[in-house]
Amino acid sequence: MNETPETGIDFVRHQITLDNSSGRFGGTVATRFPPEPNGYLHIGHAKSIVLNFGIAQDFSGTCNLRFDDTNPTREDVEYVDSIQQDIRWLGFGWHDRLFYASDYFEQLYQWALHLIEHDLAYVDELTADQIREYRGTPTEPGRNSPWRDRPRQENLELFARMRAGEFPDGHCILRAKIDMAHPNINMRDPALYRIRHARHHRTGDDWCIYPTYDFAHGQSDAIEGITHSICTLEFENHRPLYDWLLSHLPVPHVPRQIEFARLNLTWTVMSKRKLLRLVQEKYVEGWDDPRMPTISGMRRRGYTAEGIRDFCRRIGVSKTNSTVDLALLEFSQREDLNARSPRFMGVVDPVKLTITNWPAGQVEWFDASTSAEDPTVDIRRIPCTGNLWVEREDFMEDAPRKWFRLAPGKEVRLKFAWYVTCTGVVRDAHGEIQEILCTYDPESRGGETPDQRKVKGTIHWVSADHGLPAHIRLFEPLFTREDPDEADDFTTVINEHSCTVMNGYLEPALQELKAGETVQFLRMGYFCRDSRLDTPEHPVFNRAVTLKDSWARVIRNQRENE
RNA sequence: UGGGGCGUCGCCAAGUGGUAAGGCACCGGGUUUUGAUCCCGGCAUUCGUAGGUUCGAGUCCUGCCGCCCCAGCCA
């Protein structure tokens with residue numbers, strides 16, 4: 001696949017180029033992807049991963065994977081494992097550059113001491129509520145804590161006792177001493193350390209005080225020699241603090257923070273809090289539900305890593321808050337899936353088709369290619385009989401103009417096989433069509449006739465005597481509106497019909513397909529054999545994405561014009 | 001109304017004073033044993049808005065308007 005970006009160089013790469021020519025970092029480029037292990041990665045993270053690892057590749061630099069694990073009450077190893085798996089699956093690696101902010105706890109502690117020794121930090125015994133009151137508001141300055149000017153020695157002792165576990169959670173915190181009247185609220189003596197008597201997934205019970213994001217992130221970047229610390233827009237307000245800490249600490253290196261806009265997608269939610277709620281309240285099967293925008297969900301659905309990377313390149317990187325159309329993600333998937341998926345036949349919503357002039361008991365086998373490009377390669381055999389399953393939507397009793405599928409009196413081609421002409425239908429007691437009756441033209445074997453007559457419509461089919469019953473899962477967006485975040489409560493706009501399970505039939509060759517593999521069912525879309533619900537006795541397929549359907553569009557436009 | 005950002009086609013997005021790239025979507029047309037793919041063609045006299053500077057402004061200046069972020073001991 002073409003890996004060339006659709007747009008010019010983005011502003012982040014532009015800044016890096018500028019830094020390289022000014023020699024700010026001696027020409028080296030080091031980035032990092034810093035997830036907090038408190039949830040599964042989603043397509044928004046993919047944007048960041050492609051950016052950070054992509055920049056490292058483009059500039060012959062490095063990209064570290066660093067877990068931002070400074071809050072043991074929210075984090076879990078389940079997530080550190082899934083995150084690594086997802087990044088690898090996306091096609092990126094970090095070699096031996098796997099780090100944890102918790103690796104730096106001792107160094108961070110020493111730096112906190114340094115701040116105290118220079119009268120730049122103090123232990124505050126105000127309660128959380130009091131601190132909030134003292135902080136002021138965006139339009140009013142805050143007030144100094146009564147503990148702000150306690151002696152250096154006392155701060156040192158108190159901080160040591162915090163570490164020693166002498167105080168309960170919330171008893172006190174370490175704060176930077178900056179400016180309680182600062183117009184940027186993040187500079188009003190921000191918290192640096194808090195007490196958390198909680199077991200950490202890596203450091204166990206070694207610590208009962210943990211650094212905040214602000215105190216850990218920039219210093220971790222400094223320790224790792226990160227040149228460009230790329231984060232999302234909401235951290236822009238933190239940059240003055242990021243820079244302040246770095247300039248007041250004896251760090252070995254000073255990185256540059258650059259912020260870009262996080263990804264929003266239509267028809268979905270992206271916040272970890274909301275995704276967690278979908279999982280916990282069982283609106284979905286789990287983090288890897290094919291309807292989830294998680295990496296694991298998309299993988300299970302049948303999306304490809306290449307397609308996701310391509311999507312991330314197409315959306316670009318900027319500082320504009322934006323919501324990308326889901327159609328673009330689907331386009332990227334179709335483009336990649338089209339190039340790599342073998343073609344098979346599967347009937348999703350089956351209706352019987354009986355060939356009335358078919359020799360009783362006869363079975364014909366056709367050699368057919370699974371390639372859309374070259375009919376001479378990748379041949380498998382398909383059985384055909386007089387009893388077939390065809391797609392219910394491929395028949396219409398009163399066909400509109402330009403309909404060239406099945407209808408009374410109309411002739412169509414059964415892909416790879418014969419021409420059949422519809423002679424009638426059989427209905428059940430409720431008037432539902434139970435069976436379509438056809439005759440076939442024995443001269444049309446393989447889909448062409450000696451008289452070269454044109455048949456515009458070609459439909460897919462499966463021999464009812466050989467077809468493999470399967471559950472075929474069709475998905476719609478999880479929400480009923482394209483901007484679920486705008487609803488008062490996003491759970492009130494959940495789409496009840498986001499997953500429809502069809503009882504379909506597949507051509508026998510599909511029996512061999514392995515779980516996790518994606519194929520095209522001719523005319524129906526790309527389907528991935530499910531890795532969780534599938535059994536050898538009863539296959540389960542997920543539709544990753546439909547094919548473009550210009551007939552549906554014709555119908556839609558016709559309706560709108562009426 | 002304090003501070004920090006952002007406003008270029010329906011959705012993204014290039015553009016760094018010289019006369020509006022590209023992708024998606026959409027609309028035509030051609031090829032086709034997938035109404036798929038593929039291929040051709042169309043799609044911003046205008047850059048939130050009002051002024052100003054300039055031979056020349058999406059790009060510079062000023063004023064408005066709109067949207068996003070910040071008052072966690074979350075990240």
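Atoms considered below: every heavy atom in the structure, side chains included; atoms not considered: hydrogens, waters and symmetry mates. The sequence lines fix the lettering, A, B, ..., with proteins before strands; numbering per chain opens at 1.
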Less than 3.5 Å between a donor and an acceptor, one on the side chain of [X] and one on the base of [N], is that the case here?
X	N	answer
A:Gln520	B:U34	yes
A:Arg405	B:G35	yes
A:His14	B:A14	no
A:Asn237	B:G3	yes

Contact summary for A:Val462 and A:Tyr505, nearest pair of heavy atoms
CG2-O, 3.6 Å

Nucleotide nearest [X] when distance is taken to its side chain, options [options]:
X	options	result
A:Pro138	B:A36, B:C24, B:G2	B:G2
A:Ala327	B:C26, B:C24, B:U32	B:C24
A:Ser322	B:G2, B:A36, B:C12	B:C12
A:Pro183	B:C6, B:G2, B:U34	B:G2
A:Glu36	B:G23, B:G35, B:A75	B:A75
A:Leu547	B:C6, B:C73, B:U34	B:U34

Thinking salt bridges, do A:Asp58 and A:Arg13 make one under a 4.0 Å N-O criterion?
yes

So, are A:Glu224 and A:Arg32 salt-bridged, with charged N and O less than 4.0 Å apart?
no

Pick base, sugar-phosphate or nothing for [X], based on heavy-atom distances below 4.0 Å to the nucleic acid.
X	result
A:Phe416	base
A:Trp403	base
A:Thr127	base
A:Glu448	base
A:Lys415	base
A:Thr323	sugar-phosphate
A:Ile131	base
A:Ala191	sugar-phosphate
A:His460	nothing
A:Leu263	nothing
A:Lys272	nothing
A:Thr70	sugar-phosphate
A:Val554	nothing
A:Phe235	base

Rounded distance in Å between the [atom1] positions of [N] and [M]:
N	M	atom1	result
B:C55	B:A50	C1'	23 Å
B:G2	B:U59	P	26 Å
B:U49	B:G22	P	23 Å
B:C11	B:U16	P	24 Å
B:G7	B:G48	P	8 Å

I'd like to know whether A:Tyr134 forms a side chain to side chain donor-acceptor pair (under 3.5 Å) with A:Asp189, so could you lay out the CA-CA distance, the side-chain angles of the two residues, the decisive distance to 0.1 Å, and finally the verdict.
CA-CA 10 Å; A:Tyr134 275 71; A:Asp189 291 9; over 6 Å; no

If pairing requires Watson-Crick or G-U wobble contacts with both distances under 3.5 Å, which nucleotide is the partner of [N]?
N	answer
B:C38	B:G30
B:C67	B:G5
B:C74	none
B:A50	B:U62

May I ask you to check whether [X] and [Y] show a side-chain donor-acceptor distance below 3.5 Å?
X	Y	result
A:Asn52	A:Ser48	yes
A:Arg309	A:Thr304	no
A:Ser332	A:Asp310	yes
A:Asp451	A:Thr449	yes

Within the pair [X] and [N], is there a side-chain N or O less than 4.0 Å away from OP1 or OP2?
X	N	answer
A:Arg196	B:C74	yes
A:Arg188	B:A71	no
A:Arg194	B:G72	no
A:Arg239	B:G4	no
A:Arg132	B:G72	yes
A:Ser318	B:C6	no
A:Arg135	B:C73	yes

Please report the distance, rounded to the nearest Å, between CG in A:Leu41 and P in B:A75.
18 Å

Would the A:Phe366 and A:Trp418 ring centres measure less than 6.0 Å apart?
yes

Anti/syn call for B:G72, syn if |chi| within 90°
syn

Would A:Tyr213 pass as stacked on B:A75, i.e. its ring centre under 5.5 Å from the base's six-membered ring centre and planes under 30° apart?
no

